[in-house]
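Okay, structure first, notes after.
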Amino acid sequence: MKSKVIATMNHMMPSKLMPSKWGGRGSTIPLLRIATDPLLRIATDPRAWVFAGAAAAAGGRVLGRWLTRFELRGRTVLITGGTRGLGLELARQAGSAGARVAICGRDADTLARARESLSQMGAAVLATTCDVTDRNQVAELVRFVQAGFGHIDVLINNAGMVEVGPVEAMTAVDFERDMATNFWGPLNAILAVLPHMRSRGEGRIVNIASIGGKLSVPHLLPYSSSKFALVGLSEGLRAELRASGILVTTVCPGLMRTGSPRHATFKGRHDAEYTWFNLADNFPLLSMDVERAARRILRAVRHGNSHVVLSLPAKVADKVHGLFPGLTSDALGLANRLLPSTESREHGVEGQHCRPVVSVPWLGARSDRVATRHNQTN
């Protein structure tokens, strides 16, 4: 009788509580294993899956960088605007890395000094005058480099111009001039080299834009407008050309110590405009050493990085603007009130012909040294 009662109770017991030597659905063994087996506890912990996903993403990134690594030794690097400033420093470092370097610029004397400087380093160098706004001259430039070095592996679009002043002092011609150099110039060079890179199945294109191409700064509207266009072109090309083996890198530097204010154009109260721009360009906390900037850019070429923002202030501005665009616009509106007021001038004045309103001796001496090293004096 007792055995019948036990049998009846077992029959009435819920299946999930019934023991089974096979560990099936009705078994309590899996529950015990989850409670006691460390591997099973990890496998069922959501945090472990998050960590595993992050590790896989990091590993994939490292693998991708290794697979796309691109050594400069024995390669041909064409740098537009390579006669002074950042372009000349990129040419120096690329030449030191064993690359064949081709540079171009509009001024023959500046070009000759740059070529001599690179030749003294022992770099293999080609140099020719070229106005990148002229499509025919750019096509001739590419033919010249290919005749001398065989092919072009890396194109660095560095040629550019800056016009500084309030919008009231600017004309449509000022905007057209900046667009011609800062947007159409890079596009002309890209279209000229692209067929040859496609046929070889590899290549690198680097577009030197600006943080002004992500965050529009007062008194630099023609410049910022053209750099915004270049950033859009560069990012779109990256997406379209990757499948062809051609990697496009967008570089957005902040201020760099290159001596470039001497060759910028200033409108409105040009002396006052030159003063604030030159001080900001040379102040250590606001500007970046050009040698370090060039190293970062060439590292991005080697690894095929998609996007590089240079200098800490530029990185902070980029992140804050991405999160709070209204806040940054309001802050820049306040900064605009501190900039020189408008005074209509029909023609701009080159920086080297401006007289600073405020002089800081140690910054001035530093600017002179930088300008001399980077071929900005003429």
Next on the checklist: Please check this pair: side chain of His263 against backbone of Gln376, looking for a donor-acceptor N/O pair closer than 3.5 Å.
Outcome noted: yes

Item to check | Closest approach of Gly259 to Asp281 (non-hydrogen atoms, all atoms of both residues) | outcome: N-OD2, 4.3 Å

Next on the checklist: For Asp178 and Ser226: C-alpha separation, side-chain torsions, deciding distance, then whether side-chain hydrogen bond (donor to acceptor under 3.5 Å, both in side chains) applies.
Outcome noted: CA-CA 6 Å; Asp178 276 41; Ser226 63; 4.6 Å; no

Checklist entry - Same cluster for Val145 and Ile190 if Ile/Leu/Val/Met/Phe/Trp/Tyr side chains link at under 4.5 Å? => result yes

Checklist entry - Going by atom types alone, do Arg238 and Ser306 pair a side-chain donor with an acceptor below 3.5 Å? => result no

Item to check | Donor-acceptor pair, side chain of Ser244 and main chain of Ile246, under 3.5 angstrom | outcome: no

Checklist entry - Who passes side chain to side chain contact (heavy atoms under 4.5 Å, CB included) against Asn282, sequence neighbours left out? => result Asn278, Leu363, Ser367

Checklist entry - Other than Leu332, which residues form its hydrophobic cluster under the rule that side-chain heavy atoms must be closer than 4.5 Å? => result Leu215

Checklist entry - Is the shortest heavy-atom distance from the side chain of Leu88 to the side chain of Leu118 under 4.5 Å? => result yes

Next on the checklist: Would you compute the distance between atom CG of Asn182 and atom OG1 of Thr133 and round it to the nearest 0.5 angstrom?
Outcome noted: 11.0 Å

Item to check | From CD1 (Ile205) to CG (Leu233), nearest 0.5 Å | outcome: 9.0 Å

Checklist entry - Checking side chain to side chain contact (heavy atoms under 4.5 Å, CB included) for the pair His219/Trp276: CA distance, chi angles, key distance, verdict? => result CA-CA 11 Å; His219 287 222; Trp276 79 259; 4.2 Å; yes

Checklist entry - Shared ILVMFWY cluster between Met161 and Leu86, side chains joined below 4.5 angstrom? => result no

Next on the checklist: So Pro356 and Asp271, do their side chains get closer than 4.5 Å, heavy atoms only?
Outcome noted: no

Next on the checklist: In the structure I gave you, are the side-chain heavy atoms of Cys130 and Thr80 within less than 4.5 Å of one another anywhere?
Outcome noted: no

Next on the checklist: Does this structure show an ion pair linking Asp153 with Arg204, if we count only N-O contacts that are shorter than 4.0 Å?
Outcome noted: no

Checklist entry - Does Arg143 pair with Glu140 as a salt bridge, N-O distance under 4.0 Å? => result yes

Item to check | Minimum side-chain heavy-atom gap Val248-Asn207 below 4.5 Å | outcome: yes

Item to check | Residue pair Gly95 / Ala123: nearest heavy atoms and the distance that separates them | outcome: CA-CB, 4.0 Å

Checklist outcome for this item: Excluding Val138, membership of its hydrophobic cluster (Ile, Leu, Val, Met, Phe, Trp, Tyr; side-chain heavy atoms within less than 4.5 Å) reads Val132

Next on the checklist: A side-chain contact here means heavy atoms from C-beta on lying under 4.5 Å apart; do Thr275 and Leu279 qualify?
Outcome noted: yes

Next on the checklist: Tell me if a side-chain donor or acceptor on Arg75 pairs with a main-chain N or O of Val154 at a distance below 3.5 Å.
Outcome noted: no

Next on the checklist: For Ala108 versus Thr129, what's the shortest heavy-atom pair and its separation?
Outcome noted: CA-CG2, 4.0 Å

Checklist entry - Which residues, ordered by chain and number, are linked to Phe228 in its hydrophobic cluster, where ILVMFWY side chains connect at heavy-atom gaps below 4.5 Å, directly or through other members? => result none

Next on the checklist: Same cluster or not: Val142 versus Leu126, using hydrophobic residues (I, L, V, M, F, W, Y) connected whenever any side-chain heavy atoms lie under 4.5 Å apart?
Outcome noted: yes

Checklist entry - For the atom pair CD (Glu163) and OG1 (Thr265), what is the distance rounded to the nearest 0.5 Å? => result 5.0 Å

Checklist entry - Between Ser234 and Leu230, is there a donor-acceptor pair closer than 3.5 Å when you use the side chain of the first and the backbone of the second? => result no

Could you list the donor-acceptor pairs under 3.5 angstrom formed by side chains in residues 308-320, with sequence neighbours left out?
{"residue": "Ser311", "atom": "OG", "partner": "Ala314", "partner atom": "N", "Å": "3.3"}
{"residue": "Asp318", "atom": "OD1", "partner": "Lys214", "partner atom": "NZ", "Å": "3.3"}
{"residue": "Asp318", "atom": "OD2", "partner": "Lys214", "partner atom": "NZ", "Å": "3.4"}

Checklist entry - Could Arg355 and Tyr274 be counted as a cation-pi pair, given that NZ or CZ must be under 6.0 Å from the ring centre and within 45° of the axis? => result no

Checklist outcome for this item: Met179 and Ala229 have their tightest heavy-atom pair at CE-CB, 4.1 Å

Next on the checklist: Between Ser224 (side chain only) and Gly212 (backbone N and O only), is there a donor and an acceptor less than 3.5 Å apart?
Outcome noted: yes

Checklist entry - If only atom types and distance count, is the side chain of Asn375 paired as donor or acceptor with the main-chain N or O of Thr83 below 3.5 Å? => result yes

Checklist entry - Does any non-hydrogen side-chain atom of Pro253 lie less than 4.5 Å from one of Ile208? => result yes

Item to check | Nearest atoms (heavy-atom pairs only) where Val164 meets Met170 | outcome: C-CE, 3.6 Å

Checklist entry - Under a 4.5 Å cut-off applied to non-hydrogen side-chain atoms, are Pro261 and Gln352 in contact? => result no

Item to check | Lys/Arg-Asp/Glu bridge criterion (N-O < 4.0 Å) met for Arg373, Glu89 | outcome: yes

Checklist entry - Just how far is it from atom CD1 of Ile156 to atom CG of Leu78, taken to the nearest 0.5 Å? => result 8.5 Å

Checklist entry - Is atom CZ of Arg113 surrounded by more than 12 heavy atoms (other residues, nucleotides or ligands) closer than 6.0 Å? => result yes

Checklist entry - So if you build clusters from Ile, Leu, Val, Met, Phe, Trp, Tyr with side-chain heavy-atom gaps below 4.5 Å, do Val206 and Phe70 land together? => result yes

Next on the checklist: I need the Ile79 CD1 to Leu90 CG distance, nearest 0.5 Å.
Outcome noted: 5.0 Å

Item to check | Which atom of Ser287 lies closest to which atom of Ala280, heavy atoms considered | outcome: CB-O, 3.9 Å

Next on the checklist: With side chain to side chain contact (heavy atoms under 4.5 Å, CB included) as the criterion, how do His196 and Arg200 come out once you've worked through the C-alpha distance, each side chain's angles and the decisive distance to 0.1 Å?
Outcome noted: CA-CA 6 Å; His196 309 285; Arg200 299 180 64 244; 5.5 Å; no

Next on the checklist: Using side chain to side chain contact (heavy atoms under 4.5 Å, CB included), reason through Glu291 and Arg92 one step at a time and then give a plain yes or no.
Outcome noted: CA-CA 10 Å; Glu291 287 84 359; Arg92 286 170 175 157; 5.9 Å; no

Checklist outcome for this item: Those residues at least two apart in sequence (or on a different chain) that pass side chain to side chain donor-acceptor pair (under 3.5 Å) with Arg262 are Asp368

Checklist entry - Going by heavy atoms in the side chains, are Arg84 and Ser260 under 4.5 Å from each other? => result no

Checklist entry - Should Leu241 and Val251 be regarded as members of a common hydrophobic cluster, given that ILVMFWY residues are connected when their side-chain heavy atoms come within less than 4.5 Å of each other, either directly or indirectly? => result no

Item to check | Nearest-0.5 Å distance, CD1 of residue Ile297 to CD of residue Gln93 | outcome: 9.0 Å

Next on the checklist: Using side-chain hydrogen bond (donor to acceptor under 3.5 Å, both in side chains), reason through Gln146 and His151 one step at a time and then give a plain yes or no.
Outcome noted: CA-CA 5 Å; Gln146 290 176 328; His151 55 265; over 6 Å; no

